[in-house]
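Keep in mind that the numbers below use all heavy atoms, side chains included, and drop hydrogens, waters and symmetry copies. Remember, it's 1-based here, ligands and their atoms both numbered in the order they're listed.
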Amino acid sequence: MVDPVIIVGGGVIGLATGFELLRAGIPTTILDRNRAGRGTSWLAAGMLAPDTEIGFEELELYDLNRESLRRWPEFATAVEAASGRDVDYRDDGTLIVADDPDSTKRIRRLYEFQKEQGLDVDWLTGDEARDREPFVGPRVSAAIWVESDHQVDNRLLLDALREAFLAEGGTLREDTPVERIHPDDEAPAVVTEEGEQIQGRDVVIAAGVWSRQLDGLAPAAPPPVRPVKGQMIQLRMKLPFDLQHVIRGPDAYLAPKSNGRLVIGATSEEMGFDTEVTAGGLYDLLEGAWEIVPGVYDLAVDDTWAGLRPASRDHAPIVGRSGAPGVIVATGHYRHGILLSPVTAQEVTRLVQTGETSRWIEPFSPARFSGPIPESTA
Ligand code: GLY
C-alpha cells in the first residue's frame with residue numbers, strides 16, 4: 001500500500017490541502033489536535049480581499065493573494081460538489097470607509113496606491129457610498145469601492161471542506177495531537193502525544209500557531225510563527241437591517257453572511273496564546289462598527305470570541321519544502337488563511353506530485369528564515 005501524505009493540522013489550510021491531494025489521487029491523512037475546522041479558521045471573518053488589504057511593502061504577497069482569489073470560484077464549486085454543501089461565496093464587493101479627516105487622508109493614500117498598482121477601485125463621496133449600501137451611516141464622508149473583493153462564510157466552508165475531504169476518501173484523525181516529527185527522505189513520520197508513530201510519503205505541517213511547538217524538525221528550525229490575538233463579536237441581523245457588503249472602517253470591519261451572521265472584527269494584540277475576551281476589546285469593536293453602520297445598535301449579540309492569527313516574522317505565509325527531509329511547511333497565513341487556501345493547497349499538491357516549487361510559492365519558502373535548503377532535500 002502507498003504511504004499517505006500526513007498533514008498535521010485540520011484547519012482551512014490542512015483541509016484544503018488534503019482535499020486537493022485527494023483530487024490528485026494521493027492518499028492523505030489529516031491529524032488534528034481537536035476537531036478539524038474548529039480552530040483559528042472557524043474564528044475568522046471569511047473576507048477574500050486582496051485589493052482591500054494590499055500592503056505598501058507587500059507586492060509579492062499581493063500577487064499571491066490575487067492569484068488565490070482568481071482560483072476561489074472554481075475551488076468553491078469543487079468543495080460544494082464534493083460535499084453537497086453551500087459555502088456562501090459572495091461577490092458583492094467591499095466598501096472601505098472614512099469618517100473623519102484623518103481616516104479620509106489615510107484611505108485617500110491607499111486609494112492612490114491602489115490606482116498606481118492598476119487596481120479597479122473607485123473613490124466615492126459619503127452619499128455615493130450610502131447609495132451603494134444604505135446602512136452606511138451619516139458620519140461616513142468618503143469611501144473606496146472595491147468591487148473585486150469577495151467573501152465566503154468560513155464556517156460553512158470548513159464544514160463543507162471536512163465533508164468533502166471525507167467524501168474523497170481521506171482519513172481524518174481528530175483529538176490526535178502530534179508531538180514530534182521524524183524527518184526522513186524516504187519515510188518521514190509523525191509521533192502523536194500518545195506515542196503512536198505514523199509514517200507518510202511526505203509530512204505537511206499546517207498547524208497554524210501550533211506549528212512552532214512541534215519537536216524534531218532538525219536540521220530545519222521550527223517555523224517561526226507567533227499568535228496575534230483578534231477579538232471578534234457576532235451579531236444577528238434582523239430586518240429591516242440587511243447589510244449586503246463588507247464594510248471596512250478605521251476601527252472595525254463588518255462582514256454580513258447570508259444566514260444572518262454579522263461578524264465584526266477585529267482587535268490585533270500581541271498577547272501570546274491568551275484568548276480572553278475583554279470588555280475593552282468588545283467596546284472598541286462595537287464603537288468602531290456603530291460609527292460607520294449605526295444600525296448595529298439594535299441587533300442581538302450572538303457570540304464573542306478571540307482567535308489567534310498565525311503570523312510569521314515578515315507577516316507572509318511560509319510554504320514549501322523545509323530543510324528537514326520529507327517535511328513540507330504550509331503555515332503562517334496570518335490575516336489571509338481563508339483567502340490563501342486554494343493557492344496554498346494546489347501548489348503544495350503540485351510540490352508533492354512533481355517536486356516542483358512553483359513561482360507562486362517560491363518567494364514564501366521556509367528557507368528565507370533558515371538559510372538555503374540542503375541539496376539532498378531540495
Ligand atoms: N483578516 C481579518 C483579520 O485578520 O482580522
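Here the protein heavy atom with the shortest distance to atom 4 (O) of ligand 1 is R309 NE, 2.7 Å. Scanning the protein for heavy atoms near atom 2 (C) of ligand 1, the closest one is Y253 OH, 3.4 Å. Here the heavy atom of the protein found nearest to atom 1 (N) of ligand 1 is R335 O, 3.0 Å.
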Residues F165, I30; criterion side chain to side chain contact (heavy atoms under 4.5 Å, CB included); working and verdict: CA-CA 9 Å; F165 176 76; I30 294 178; 3.6 Å; yes
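Ring geometry, H245 versus W145: the interplanar angle exceeds 60°, so the pair is classed perpendicular (tilted spans 30 to 60°).
Separation of atoms OG1 (T176) and CG (N34) is listed at 10.0 Å; rounding is to 0.5 Å.
No more than 12 heavy atoms of other residues, nucleotides or ligands shown are found within 6.0 angstrom of CD on E57. Annotation for E80: atom CD counts as buried by contact number, over 12 foreign heavy atoms lying within 6.0 Å.
Within ligand 1, counting atoms from 1 as listed, the ones closer than 4.0 Å to a heavy atom of A266 are 5 (O).
By the criterion of a heavy-atom distance under 4.0 Å, neither the backbone nor the side chain of H336 is placed next to ligand 1.
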